[in-house]
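These numbers come from the heavy atoms of this one structure, side chains and all, not from hydrogens, waters or symmetry mates. The model shown is predicted, which means the values in this text are computed figures rather than measured ones. For reference, positions follow the sequence shown, starting with 1.
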Amino acid sequence: MKINNRKEMIKAREAFLQHLKKQKKKVYVCAGTGCVAGGSMEIYEKLKKLIEEKGLACEVSLEADSCGESVGLKKSGCHGFCEMGPVLRIEPAKLFYLKVKLEDCEEIVEKSIAGDQVIERMIYTRDGIQYSVQEEIPFYKHQTRIVLEDCGQIDAESIKEYIAYGGYSSLEKALFDRSRDDIIKTIYDSNLRGRGGGGFPAGRKWSQVKTQKSDIKYVVCNGDEGDPGAFMDRSIMEGDPHKMLEGMMIAGYAAGAAEGYIYVRAEYPLAVKRLETAIEQAKEAGILGENILGSDFSFDIKIVKGAGAFVCGEGSALTTSIEGYRGMPRVKPPRTVEHGLFGKPTLLNNVETFANVPIIIEKGADWYKGIGPEKSPGTKAFALTGNIVNTGLIEVPMGTTLRQIIFDIGGGVRGGKKFKAVQIGGPSGGCLTEEHLDLPLDFDSLKKAGAMIGSGGLVVMDEDTCMVEVARFFMNFTQNESCGKCVPCREGTRRMLDILEKIVAGKGEPSDLDTLQQLADTVTSAALCGLGKTAANPVVSTLKYFRDEYEEHIVEKRCRTKNCQALKRIYIDSEACKGCSLCSRVCPVNAISGQVKNPFVIDETRCIKCEACIDACKFNAVKED
């Protein structure tokens with residue numbers, strides 16, 4: 001399939017759409033990483049076999065001409081409701097089945113594909129209410145899916161389906177109906193801000209690259225999302241790769257670049273595979289390469305796999321890695337827009353930012369600004385994880401509150417426990433507490449609260465979470481990921497981690513808290529790049545909102561949540577002890593002594609808190625404080 005001009009593109013779009021309409025039913029099997037790990041591809045293959053055995057025409061692509069009605073079987077992207085996977089969706093009935101197993105396939109084909117029955121045991125049920133339609137489930141009902149709209153509702157490996165549903169029409173408009181300045185003005189007027197964490201206005205960045213006097217410029221997409229628990233960009237690359245490619249191409253055209261690079265972590269093999277497929281399809285279709293759609297615009301895209309270094313999320317470290325060197329940030333100025341990849345002006349945005357571009361070009365800046373607050377318009381994708389009922393990938397308007405996300409979409413804290421905090425923005429973010437539940441999530445509001453959106457990770461924590469350990473965990477991650485180039489980050493984060501480890505080990509001193517704050521201030525102000533400048537955020541925010549927990553660890557040598565192993569106290573209740581000696585016999589360090597039929601005692605100086613004695617005692621006499 002080669003599309004040589006705009007007229008052929010319009011004709012192809014109509015043909016593909018008509019072909020899709022002949023698929024009387026469409027079955028979307030989630031082929032995102034989570035569901036694939038749960039066996040969704042085996043389910044896909046079995047459904048294909050059963051549909052064909054049923055005598056139904058089964059189409060898995062739009063390659064062949066369709067002579068009649070058929071069932072379209074498709075590999076979709078992530079639906080977002082990850083803990084409920086594998087999931088599948090059946091159109092046009094909008095049936096949404098959860099936790100599908102291989103043994104369910106025959107019933108699905110018989111009742112819901114060949115027939116029109118709902119299999120009630122496979123649909124979502126909450127508080128006695130059954131939801132057969134995906135959009136009616138509370139998890140989805142309170143979302144506004146724009147960037148993720150097609151994830152789960154389009155074949156992730158088909159450029160023809162993407163074109164049929166309007167894909168690359170924004171590129172058409174850009175090439176044939178709009179000037180480069182007009183495109184940049186639209187992005188500028190929309191106030192689209194970079195979704196990678198910093199929130200820098202995309203239109204301003206595009207304009208800065210365009211005005212650079214250079215014969216060579218580059219567009220770079222940052223797909224190296226490294227925050228623990230974050231998978232927003234991965235889901236877009238896996239589920240709707242052409243949308244991101246289209247955004248990159250429009251950016252290249254507007255800024256005057258002829259080559260683009262996608263930097264994606266090698267730990268995302270499925271995303272890499274889908275991107276490679278999408279790029280190859282676009283080249284075969286004449287949408288990537290020389291004189292795209294018969295225009296004077298030529299553009300090519302290459303994929304570079306990163307080694308998983310968190311610091312390569314920083315612009316200059318990322319471009320250095322693409323060049324083949326160790327990913328380390330450099331001193332600025334000059335900035336990436338002036339001196340980026342291979343020393344040339346470079347337009348660098350992340351996956352989600354580029355995926356917004358075709359939508360803005362299609363619907364306009366005013367439409368986009370109508371979503372969310374004026375200074376942070378649009379939507380934001382978040383990875384919702386932690387101690388919450390509904391985990392998964394969500395998309396909400398900027399300005400949505402934590403309360404709406406955690407309780408309306410997330411279903412509240414798991415196990416009916418009390419909400420304690422949420423870590424937002426990963427290692428670069430901070431902890432927000434109950435007092436922030438009604439805080440609108442946008443760039444400026446979060447900055448005032450001492451946190452940041454980051455790439456979009458949201459880790460919910462309940463009352464049993466130790467906030468000192470949370471700070472230690474994120475500082476350990478950041479310290480390990482420090483490239484070591486600048487002293488404040490290399491040595492400062494190491495020293496902060498040492499202090500935090502000392503505190504959770506029960507060896508902290510009151511002066512440690514002042515030292516932590518001083519180190520945090522120094523690292524934040526003196527570090528070379530964004531990793532170092534935000535490394536102390538988890539410590540600073542937990543010190544601010546949970547200082548009493550730090551003080552308990554230091555002064556009382558106690559962890560109220562009993563998570564810090566060194567601060568646990570295990571003792572034997574003499575009144576409950578029957579003197580059976582079971583606890584003594586299982587203790588690996590001989591810390592328990594006593595005589596049979598008399599209460600036993602634990603030598604706390606020898607106890608290693610392994611809890612073997614607690615498990616062994618039949619009378620609940622061994623207790624933990």
Side-chain angles (χ1 to χ4, degrees), residues 193-200 202 205 218-237 244 248 261-268 271-272 275 303-323 325-332 335-337 340-341 346-355 380-383 423-430 443 446 451-459 474-486 489-490 493 523-524 527-538:
R193 297 175 67 170
R195 291 329 196 226
F200 190 84
K205 180 181 290 187
Y218 295 101
V219 172
V220 174
C221 178
N222 179 2
D224 189 59
E225 92 189 319
D227 293 4
F231 53 97
M232 299 75 58
D233 289 350
R234 187 194 75 195
S235 295
I236 295 171
M237 290 186 285
M244 185 192 83
M248 289 182 67
Y261 285 83
I262 303 171
Y263 188 82
V264 55
R265 55 200 307 110
E267 295 95 328
Y268 284 178
V272 171
L275 287 170
I303 297 172
V304 176
K305 290 184 280 189
F310 183 65
V311 72
C312 286
E314 193 275 341
S316 60
L318 185 153
T319 54
T320 301
S321 180
I322 292 177
E323 293 169 357
Y325 301 103
R326 181 180 175 185
M328 300 179 80
R330 58 172 171 74
V331 177
K332 304 174 205 52
R335 307 198 69 83
T336 305
V337 294
L341 185 62
T346 302
L347 191 162
L348 172 61
N349 283 129
N350 84 322
V351 172
E352 189 179 348
T353 309
F354 281 123
K380 180 72 188 79
F382 291 98
Q423 174 73 17
I424 184 169
S428 300
F443 293 106
L446 283 173
M452 63 185 293
I453 286 181
S455 61
L458 281 174
V459 183
F474 281 108
M475 184 53 64
N476 180 65
F477 177 89
T478 304
Q479 205 284 321
N480 285 335
E481 293 296 333
S482 172
C483 73
K485 183 174 183 177
C486 71
C489 181
R490 182 182 70 238
T493 56
V523 173
T524 300
L528 180 62
C529 79
L531 183 147
K533 290 184 179 299
T534 57
N537 282 352

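- Rounding to the nearest 0.5 angstrom, the gap separating the OG atom in Ser235 from the CD atom in Glu225 is 7.5 Å.
- Between the CG atom of Leu446 and the CD1 atom of Ile424 there is a distance of 4.5 Å, given to the nearest 0.5 Å.
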Practice item. Go through Met244 and Leu275 one step at a time and tell me if the side-chain contact (heavy atoms from CB on, under 4.5 Å) criterion holds. Key: CA-CA 9 Å; Met244 185 192 83; Leu275 287 170; 3.4 Å; yes
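- In terms of the side-chain contact (heavy atoms from CB on, under 4.5 Å) criterion, residue partners of Glu267 (sequence neighbours excluded) are, by chain and number, Arg265.
- For Phe310, the ring-ring contact (aromatic ring centres under 6.0 Å, His included) criterion is met by Phe477, not counting sequence neighbours.
- One N or O on the side chain of Arg326 and one on the backbone of Cys483 form a donor-acceptor pair closer than 3.5 Å.
- Judged by distance alone, the side chain of Thr319 and the main-chain N or O of Ser316 form a donor-acceptor pair under 3.5 Å.
- Residue Thr353 holds its OG1 atom at 7.5 Å from NZ of Lys205, rounded to the nearest 0.5 Å.
- Arg330 places no side-chain N or O within 3.5 Å of a backbone atom of Met328 that could act as its donor or acceptor partner.
- Taking 4.5 Å as the limit, some side-chain heavy atom of Ile262 sits within range of a side-chain heavy atom of Met248.
- Inter-residue side-chain proximity for Leu341 and Glu323 is flagged as met; some heavy-atom pair is nearer than 4.5 Å.
- If you take CD on Glu352 and CE on Met237, they are separated by 11.5 Å, rounding to the nearest 0.5 Å.
- At most 12 heavy atoms of other shown residues, nucleotides or ligands fall within 6.0 angstrom of atom NZ in Lys305.
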